[in-house]
Protein chains: 2
Amino acid sequence: MKTEKISELTTSRLSLYLRCLDELASEGVERISSKAMAEQFALHSAQIRKDLAYFGEFGVRGVGYSVSDLREQLRQILGLNTDRNVAIVGAGNLGIALATYGGFNSNGFRMVAIFDSDPNKIGTKTRDGLCVQDARELSDCIQREKIDIVVFAVPAAAAEKLLDQVTAAGIKAVLNFAPVRLPPKPGVKIKHVDFAISLESLSYFLAQPNSSGQTTTGMGADFRDLLRNGK
Amino acid sequence: MKTEKISELTTSRLSLYLRCLDELASEGVERISSKAMAEQFALHSAQIRKDLAYFGEFGVRGVGYSVSDLREQLRQILGLNTDRNVAIVGAGNLGIALATYGGFNSNGFRMVAIFDSDPNKIGTKTRDGLCVQDARELSDCIQREKIDIVVFAVPAAAAEKLLDQVTAAGIKAVLNFAPVRLPPKPGVKIKHVDFAISLESLSYFLAQPNSSGQTTTGMGADFRDLLRNGK
DNA sequence: AATTGTGAATTCCTTCACAGCC
DNA sequence: GGCTGTGAAGGAATTCACAATT
């Protein structure tokens with residue numbers, strides 16, 4: 001276990017590896033080599049070994065990794081053995097979709113509450129029975145319900161003030177869907193999901209005269225790409 | 001204008017710069033320096049100048065950049081002066097949300113159609129009147145409606161086959177929300193949006209004993225982070 | 001024989017620093 | 001004086017290549 005700072009590229013890849021291991025486990029596979037895993041992701045086996053080596057020596061030379069052991073280690077490293085309470089702010093299309101979207105209610109993430117400031121939305125219920133609460137109750141709720149992560153599904157103009165509010169309430173982790181860069185706050189991790197940038201990136205690709213050559217930089221840049229997010 | 005290969009980090013930042021310029025334009029600002037823009041994004045002014053320099057000399061030494069000129073240049077570079085037809089596959093919560101989400105119907109992106117294979121969903125309408133079509137008609141529709149970009153809002157298990165189908169129909173750009181890495185196809189650009197990885201990345205941060213030190217690597221890695229996506 | 005863990009080499013990206021221009 | 005554009009330096013991330021281990 002090293003003490004170096006670990007890059008977010010590495011930790012994001014750990015999520016991928018874990019997903020792969022989950023699948024292998026469900027197929028009953030017991031051992032896996034870095035090479036075999038690397039093939040699934042079109043990345044290099046040394047990359048996987050290096051990523052894992054930051055956290056310990058989980059493999060056996062000449063043999064590979066135990067699927068169940070490594071899986072447990074990664075869950076530990078990623079903090080997935082602890083439940084995390086998640087709240088969404090913004091009950092527009094996106095907020096409701098995220099609330100209802102199953103993907104957030106798994107792996108220890110619990111969608112606990114959704115907020116909006118629009119009186120017409122307050123009191124309505126999502127299909128799975130989550131009631132839209134008044135945004136003015138957000139700070140209280142964060143403390144009462146022990147919210148760990150707040151998801152911003154609000155307009156760009158509202159995001160910065162909202163960030164002040166939730167950090168004041170003690171929130172350390174934010175997933176931001178608003179198309180705006182938020183100013184860094186000490187001790188607060190913000191991940192950005194920016195659909196517009198993704199679409200425009202595709203648009204750029206389509207606008208290239210040689211939109212026929214794959215982004216095949218060996219495989220690195222191509223893949224590295226997956227993982228950056230933000231600020 | 002260089003002929004070097006341009007990194008996706010660069011093009012993604014162009015999207016950010018454009019967004020910034022849009023705002024400046026709407027405020028009536030006419031000129032901007034790389035330094036002033038850099039401050040908005042907590043990144044380095046040389047970075048902005050380098051990014052732009054790949055495509056031309058848009059600035060004036062001693063003066064800065066003309067907001068409206070640079071804006072037009074970036075729209076050109078990103079291919080945003082051409083309309084792009086977008087289709088969604090998967091009319092579950094996420095697909096419907098994406099269809100209704102305003103963000104996709106702007107900047108020249110037009111949400112044209114949504115598909116599903118579930119007979120109970122086919123024929124239903126989204127709130128803005130888009131009718132869910134039978135997924136079997138997807139290939140036809142891609143050609144008839146000149147779809148440029150297909151958004152995957154399907155389960156992981158369905159994504160790979162779907163990719164084969166849309167690439168066979170001539171699609172060159174895919175925005176994938178399914179939590180699975182897709183195998184590279186020559187000449188096809190795939191961007192991944194992976195909520196699970198984002199959440200787990202926040203979980204990792206929360207699990208760190210020293211979850212108090214900001215990710216402040218100067219500002220580089222911190223920000224660079226924003227932009228990678230995928231494969 | 002196979003596969004890990006890792007220093008060294010490489011490639012890629014960012015920042016510095018300054019010449020050149022308004 | 002101020003700001004761009006860019007070569008050179010510096011830093012990060014990836015890949016190579018091999019010793020160590022079973």
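Letters A, B, ... mirror the listed sequences (proteins, then strands); counts begin at 1. Not measured: the values here are computed from a predicted model.
In this structure, B:Gln47 and A:Arg61 both approach DNA chain C, and ranking their closest nucleotides by distance from the 5' end singles out A:Arg61. Comparing B:Leu52 and A:Val60 along DNA chain D, the residue whose closest nucleotide (by nearest heavy atom) sits nearer the 5' end is B:Leu52. Each of B:Ser34 and A:Lys50 has a nearest nucleotide on DNA chain D; the 5'-most of these lies closest to B:Ser34.
Put simply, A:Arg13 has a side-chain N or O that comes within less than 4.0 Å of OP1 or OP2 on D:dT14. Checking the phosphate oxygens (OP1, OP2) of C:dA2, no side-chain nitrogen or oxygen of A:Tyr65 falls inside 4.0 Å.
To the nearest angstrom, C1' of D:dC3 lies 14 Å from CG of B:Leu70. A straight line from CD1 of A:Ile48 to P of D:dC16 spans 14 Å, rounded to a whole angstrom. Here the C1' atom of nucleotide C:dA9 and the NE2 atom of A:His44 are 13 Å apart, to the nearest Å. Between the CD atom of A:Glu57 and the C1' atom of D:dT22 there is a distance of 13 Å, rounded to whole Å. Between the CG atom of A:Leu9 and the P atom of D:dG11 there is a distance of 19 Å, rounded to whole Å. Atom CG in A:Leu14 sits roughly 14 Å away from atom P in D:dA13 (whole-Å rounding). Atom NZ in A:Lys35 sits about 16 Å away from atom P in D:dA17, given to the nearest Å. A:Glu8 places its CD atom 18 Å from the C1' atom of D:dT14, with the value rounded to the nearest Å.
Checked against D:dT14, D:dC18, D:dC3, the side chain of A:Arg49 finds its nearest nucleotide in D:dC18. Closest approach to the A:Ser7 side chain among D:dT6, D:dA13, C:dT14 is made by D:dA13 (side chain taken as heavy atoms from C-beta onward). For B:Ala46, counting side-chain heavy atoms from C-beta on, the closest listed nucleotide (D:dT6, C:dT14, D:dC16) is D:dT6.
Taking the six-membered ring for Trp and thresholds of 30 and 60 degrees, A:Phe177 and B:Phe195 have ring planes more than 60 degrees apart, a perpendicular arrangement. Taking the six-membered ring where the residue is Trp, A:Tyr17 and A:Phe41 present tilted rings, their angle falling between 30° and 60°.
Of the candidates A:Val86, A:Asn85, A:Val112, A:Val86 is the only one forming a side chain to side chain contact (heavy atoms under 4.5 Å, CB included) with A:Ile149.
In this structure, A:Gln165 and A:Ile171 have side chains that are not in contact, with every pair of non-hydrogen atoms separated by 4.5 Å or more.
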Report the C-alpha distance between A:Tyr65 and A:Arg49 in whole Å, list the side-chain angles of each, state the deciding distance to 0.1 Å, and finish with yes or no for side chain to side chain contact (heavy atoms under 4.5 Å, CB included).
-> CA-CA 10 Å; A:Tyr65 301 88; A:Arg49 296 199 300 276; 3.6 Å; yes
